[in-house]
Trainee: 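What follows is a structure written as structure tokens; I'll ask about it next.
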There are 2 protein chains.
Amino acid sequence: MHVDLLACAVCHCLAARKQARALTRHYESRLRRHGLKATQFSVLASLALAGPTPMGELAELLGLERTTLTRGAALLEEKGWISAEKADDRRARPLRLTAAGRRKLDSAYPAWKAAQDSAATI
Amino acid sequence: MHVDLLACAVCHCLAARKQARALTRHYESRLRRHGLKATQFSVLASLALAGPTPMGELAELLGLERTTLTRGAALLEEKGWISAEKADDRRARPLRLTAAGRRKLDSAYPAWKAAQDSAATI
DNA sequence: CCACGATAGGTGTATCTACACTGAACGCAT
DNA sequence: ATGCGTTCAGTGTAGATACACCTATCGTGG
């Protein structure tokens, strides 16, 4: 099998990852002083918008692996920004935004907005 | 400051990260049996195309942080797929694809090609 | 020559990411 | 009621990612 190196240079995966890295650096440079990573901001915002949401459903919503959200949610819970509630289905642990989480989201919003509005310039 | 949750739902960063994650899963599901991650494949392919390249320049080329490449390159070097050479400038450590690295790239290429050709279906 | 800013690269630390595997609870069919 | 496949979530492990900070080397102006 002949390896087409030029084809490799236009790898869709690499391109998507490059752009995601660049955008992440752009957003996180502004979110940093609020102590938030890009993924953490989107978790808080999603919960604010959708209300209490089971882990699996939230992971699906954010397009990340369920087990990835497990780790990330644990960090947010330690900081007191979200809480895992009990549900009728005792397997489920619906995530809910706490009041502190809502305040964190509010305070970080202008930084996110600035990044969002200037994202096209990257 | 009023938080526009609907605006947060169309975060460019989240969108880019979602797509990058999905594409990465797609490519890595095929690269897995070759023991390669997406980033590792792009490092090998870039070195095959560009020849020996200093770390900083390669990081720039791949759009990733220089210190990120430091860790990734160490793993590839452990596996014997790349080697860090000595240069006239003793600070520099140009990375070079080894013969084993070239063989690894060759053997993984069909898997990458299959992922590339089916990437649009995600 | 040599001091000093510039440049190449590495380390400590923290988070993100995901697969393989595991445990627990659920619900249905018998 | 109970056995069993399904579903929800956590753990072990490994690599990706990046910032703040560090060391070593280089080149140049004085």
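Below, read A as the first sequence line, B as the second, and so on, with proteins coming before strands; counting in each chain starts at 1.
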Trainee: Taking only Lys NZ, Arg NE, NH1 and NH2, and the carboxylate oxygens of Asp or Glu, determine whether A:Arg93 and A:Glu85 approach each other closer than 4.0 Å.
Mentor: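 No, no charged N to carboxylate O under 4.0 Å.
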Trainee: If you check every side-chain atom of B:Arg71, which of C:dT7, D:dA18, C:dA20 has the closest atom?
Mentor: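 Of the candidates, D:dA18 comes closest.
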Trainee: By nearest atom, which of the nucleotides D:dA18, C:dG9, D:dT6 is closest to the A:Arg91 side chain?
Mentor: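 Of the candidates, D:dT6 comes closest.
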Trainee: Could you say whether A:Thr39 or A:Asp88 is positioned toward the 5' end of DNA chain C, judged by the nucleotide with the nearest heavy atom to each?
Mentor: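 Mapping each residue to its closest nucleotide by heavy atoms, the 5'-most match is A:Thr39.
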Trainee: Under the 3.5 angstrom rule, does the side chain of A:Thr53 hit a backbone N or O of A:Gly51 as a donor-acceptor pair?
Mentor: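 Flag set: sc A:Thr53 to bb A:Gly51 pair under 3.5 Å.
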Trainee: What is the separation between atom CD on A:Glu28 and atom C1' on C:dT17, rounded to the nearest whole Å?
Mentor: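 My rounded result for the distance is 13 Å.
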Trainee: Closest approach to the side chain of B:Ala92, judged atom by atom: which nucleotide of C:dA8, D:dG15, C:dG10 is it?
Mentor: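 The nucleotide sitting nearest to the side chain is C:dA8.
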Trainee: Could you tell me whether B:Gln19 atom CD has more than 12 heavy atoms of other residues or ligands within 6.0 Å of it?
Mentor: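 Open: at most 12 neighbouring heavy atoms sit under 6.0 Å from CD of B:Gln19.
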Trainee: I want to verify a distance call: between D:dA16, C:dG9, C:dA18, whose nearest atom is closest to the B:Thr68 side chain?
Mentor: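 Nearest nucleotide to the side chain: D:dA16.
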Trainee: So, does A:Thr70 get its side chain near the phosphate of D:dG10, meaning an N or O under 4.0 Å from OP1 or OP2?
Mentor: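 Answer yes for this pair, as a side-chain N or O of A:Thr70 is under 4.0 Å from OP1 or OP2.
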Trainee: Are the side chain of A:Ser42 and the backbone N or O of B:Leu14 linked by a donor-acceptor pair below 3.5 Å?
Mentor: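 No; judged by distance alone, with no hydrogens or angles, the pair does not exist.
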Trainee: Nearest to the side chain of A:Arg25 - C:dG9, D:dA18, C:dC16?
Mentor: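 Nearest nucleotide to the side chain: D:dA18.
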Trainee: Counting only side-chain N and O atoms of A:Arg21, is one of them less than 4.0 Å from OP1 or OP2 of D:dT17?
Mentor: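 So the side chain of A:Arg21 is within the cut-off, an N or O lying under 4.0 Å from OP1 or OP2 of D:dT17.
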Trainee: Could you tell me how far apart B:Arg93 (CZ) and D:dC26 (C1') are, to the nearest whole angstrom?
Mentor: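 It is 17 Å, rounded to the nearest whole Å.
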Trainee: Calculate the interatomic distance between A:Met55 atom CE and D:dT11 atom C1'; express it in whole Å.
Mentor: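 Spelled out: CE on A:Met55 to C1' on D:dT11 is 13 Å.
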Trainee: If we ignore hydrogens and angles and just use 3.5 Å, is the side chain of A:His26 paired with the main-chain N or O of A:Ala115 as donor and acceptor?
Mentor: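 At least one qualifying donor-acceptor pair exists.
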Trainee: Atom NZ of A:Lys86 to atom P of D:dA9: distance rounded to whole Å?
Mentor: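 Rounding to the nearest Å, NZ of A:Lys86 and P of D:dA9 are 14 Å apart.
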Trainee: Grab the CG-C1' distance between A:Leu76 and C:dC16 for me, whole Å please.
Mentor: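 Spelled out: CG on A:Leu76 to C1' on C:dC16 is 12 Å.
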Trainee: Mapping B:Thr67 and A:Thr67 onto DNA chain D by nearest heavy atom, which one lands closer to the 5' end?
Mentor: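 The residue closer to the strand's 5' end, by nearest nucleotide, is A:Thr67.
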Trainee: OP1 or OP2 of C:dA18 sitting under 4.0 Å from any side-chain N/O of A:Arg66?
Mentor: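 No.
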Trainee: What is the distance, rounded to the nearest whole Å, between atom CZ of B:Arg17 and atom P of C:dC16?
Mentor: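 My rounded result for the distance is 8 Å.
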Trainee: Kindly point out which of D:dC26, C:dC16, C:dC21 is positioned nearest to the side chain of B:Asp89?
Mentor: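 The answer is D:dC26, which lies nearest to the side chain.
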Trainee: In whole angstroms, how far is the C1' atom of C:dA18 from the NE2 atom of B:His26?
Mentor: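 B:His26 atom NE2 is separated from C:dA18 atom C1' by 16 Å.
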Trainee: Quick one: B:Leu95 CG to C:dG10 P, roughly how many Å, whole number?
Mentor: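 Answer to the nearest Å: 8 Å.
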